[in-house]
Trainee: 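Sharing a structure below in structure tokens format, with a few things to ask.
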Amino acid sequence: MIRTTRVPVLRVPVPRASVPGAPVRRVRAALALLAALVTGVGAGFGLVGCGRAGSPPRKGPAADRLPVYQVAQGFRLPASPTWTRAKKRGYFVVGAKEDQPYLGERDPATGVYSGFDIEIARMMSASLGLAPKTIRFRTIASANRETALQNGQIDYYVGTYTINDNRKKLVGFAGPYYLAGQSLLVRRDETDIHGPRDLAGKRVCSAAGSTPYQRIRAEYPKAVLIAYDTYSVCVDNLLTYQVDAVTTDDAILIGYAAKAPGELKVVGRPFSREPYGIGVPRGDTALRFAMDDALEARERNGDWKKAYEATLGLSGVPAPKPPPIDRYPAS
């Protein structure tokens, strides 16, 4: 398996033999979309006439339509060392993704993060007594999430972070707040890939250290796995015919497909269950339970649904029912 990191560059690739007769217009369209993925603008994202480079995607979250979360007054959690440090400094440091449409995106011009995961992070801050606008977001790659929490680089992490037993040995999880499932993203002209059983001999890209990457390696070993630190690089390679499919959770792939519906599509049914949780330091049970309480309260008062509809719901997929909170005991 290949595991490498690189900065995406614009190239004019020759379509590989696995895509016989790929028309030149497809390659040109792919390049336009690739430029849009890198810069945040371009016709492939429906951004014609949107203005200067770095302006928000037309289909993306609108800042003036995002929910406003009431900040808990007089909140205290002295049993949590993480909360105590954050309260003293006046803000939380939160790990996130920056390249996942409608979930966790960072505007390259303004540095502003947006998406459903970002809204979950903000409502948690409000519930814990600190104004959401004070959060300092840090982009953390999938492979580095546990280390960032263990080393105190971040206070908590919200970024399509699947809860599983192996990770519970390293970090704690509040939630889950969303239930996703692994799926496949392919080019619109792809006719051979309909599900994971069609991946033998195909070049499949995913994020290094991610659950989807590990599942393909274990359950579909005939696939040719390629790994990068971010899914956006995988999508770049898909658009330029360097890989045949991108695999991760359907929520992430739906966002990419929604921004480039003429070139990309999600195929087949989800083939896993991926409960997204909020990662916290493993020993900070007080913080984890406080976040569980906060999630339940935000689901009851409608904030969770409002956050979904203002972000991930823009992909056209209606809000699902939130999964039940897993209040597993401290170990």
Side-chain angles (χ1 to χ4, degrees), residues 32-33 36-69 96-124 132 135 137 139 158-161 176-181 183-185 188 230-232 234-235 238-239 246 248-267 270 274 276 295 298-299 301-323:
L33 285 165
L37 279 169
V38 174
T39 65
V41 294
F45 281 91
L47 300 182
V48 174
C50 279
R52 67 186 185 284
S55 58
R58 181 164 57 89
K59 291 184 179 180
D64 59 350
R65 296 187 180 181
L66 294 173
V68 176
Y69 307 114
K97 295 291 181 63
E98 67 171 19
D99 65 332
Q100 296 179 352
Y102 306 108
L103 283 161
E105 268 186 304
R106 181 179 178 273
D107 187 307
T110 65
V112 173
Y113 289 77
S114 65
F116 183 58
D117 285 340
I118 303 305
E119 292 307 298
I120 294 294
R122 288 175 172 149
M123 66 176 71
M124 290 301 97
I135 291 178
F137 285 104
T139 300
V158 191
T160 61
Y161 199 6
Y177 62 88
Y178 186 82
L179 183 62
S183 195
L184 297 169
L185 181 73
R188 177 62 64 176
T230 63
Y231 292 113
S232 59
C234 285
V235 177
L238 179 63
L239 288 167
V246 177
T248 185
D249 304 340
D250 55 351
I252 300 170
L253 300 182
I254 287 168
Y256 282 117
K259 285 201 170 183
E263 296 298 321
L264 300 173
K265 63 182 179 180
V266 179
V267 294
E274 307 295 334
Y276 289 168
L295 282 171
R298 298 290 176 176
E299 290 167 6
N301 72 6
D303 281 347
W304 184 96
K305 186 176 181 181
K306 290 176 183 176
Y308 179 94
E309 290 175 342
T311 55
L312 194 55
L314 297 178
S315 66
V317 178
K321 183 179 179 180

Trainee: Might you point out which heavy atoms bring E98 and T139 nearest each other, and give the distance in Å?
Mentor: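 Of all heavy-atom pairs spanning E98 and T139, the closest is OE1-OG1, 3.0 Å.
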Trainee: Spell out, as yes or no, whether a donor-acceptor pair under 3.5 Å connects the side chain of D107 to the backbone of V112.
Mentor: no
Trainee: Could you check whether D117 and Y177, counting side-chain N and O atoms only, form a donor-acceptor pair closer than 3.5 Å?
Mentor: yes
Trainee: Do E274 and L179 have side chains that get closer than 4.5 Å, going by heavy atoms?
Mentor: no
Trainee: Salt bridge or not between R122 and E119? Use side-chain N to carboxylate O under 4.0 Å.
Mentor: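 So R122 pairs with E119 through a salt bridge.
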Trainee: If I compare all heavy atoms of L185 with all of V266, which pair ends up nearest, and what's the gap?
Mentor: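 It is CD1-CG2, 4.0 Å.
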Trainee: How about S114 and Y102: do any of their side-chain heavy atoms sit closer than 4.5 Å?
Mentor: no
Trainee: Taking all heavy atoms of S183 and all of D250, pick out the closest pair and write down the distance.
Mentor: CB-CB, 4.0 Å
Trainee: Output the distance between atom CD1 (I252) and atom NZ (K97), rounded to the nearest 0.5 Å.
Mentor: 5.5 Å
Trainee: Of all the heavy-atom pairs spanning Y256 and L264, show the shortest one and how long it is.
Mentor: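 Between these two residues, the closest heavy atoms are O-CD1, 4.1 Å.
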Trainee: Which is it for K306 and L66 under the side-chain contact (heavy atoms from CB on, under 4.5 Å) test, yes or no, and what are the steps along the way?
Mentor: CA-CA 8 Å; K306 290 176 183 176; L66 294 173; over 6 Å; no
Trainee: In Å, rounded to the nearest 0.5 Å, how long is the span from CZ of F116 to OG1 of T160?
Mentor: 12.0 Å
Trainee: Minimum heavy-atom separation for I118 to A96, with atom names?
Mentor: CD1-CB, 3.9 Å
Trainee: Does K259 pair with E105 as a salt bridge, N-O distance under 4.0 Å?
Mentor: yes
Trainee: Any side-chain to backbone donor/acceptor pair from D249 onto A251? Under 3.5 Å, distance only.
Mentor: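 Side chain of D249 to backbone of A251, a donor-acceptor pair under 3.5 Å: no, none is there.
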Trainee: Carefully, step by step, assess L103 and T311 under the rule side-chain contact (heavy atoms from CB on, under 4.5 Å).
Mentor: CA-CA 7 Å; L103 283 161; T311 55; over 6 Å; no
Trainee: Aromatic rings W304 and Y178: how do their planes relate, parallel, tilted or perpendicular, breaks at 30° and 60°?
Mentor: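 W304 and Y178: parallel rings.
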Trainee: Nearest 0.5 Å please: distance from the CD atom of Q100 over to the OG1 atom of T230.
Mentor: 9.0 Å
Trainee: For residues A307 and P67, report the shortest heavy-atom separation together with the two atoms involved.
Mentor: N-CG, 3.6 Å
Trainee: Does the D99 side chain pair with the main chain of S232, one donor and one acceptor, at a distance under 3.5 Å?
Mentor: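 At least one qualifying donor-acceptor pair exists.
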Trainee: What's the verdict on side-chain contact (heavy atoms from CB on, under 4.5 Å) for L253 and T248, showing C-alpha distance, side-chain angles and the deciding distance?
Mentor: CA-CA 7 Å; L253 300 182; T248 185; 3.4 Å; yes
Trainee: Determine whether more than 12 heavy atoms belonging to other residues, nucleotides or ligands lie under 6.0 Å from atom NZ of K305.
Mentor: no
Trainee: So does G262 get a backbone contact from the side chain of R188, meaning a donor-acceptor N/O pair under 3.5 Å?
Mentor: no
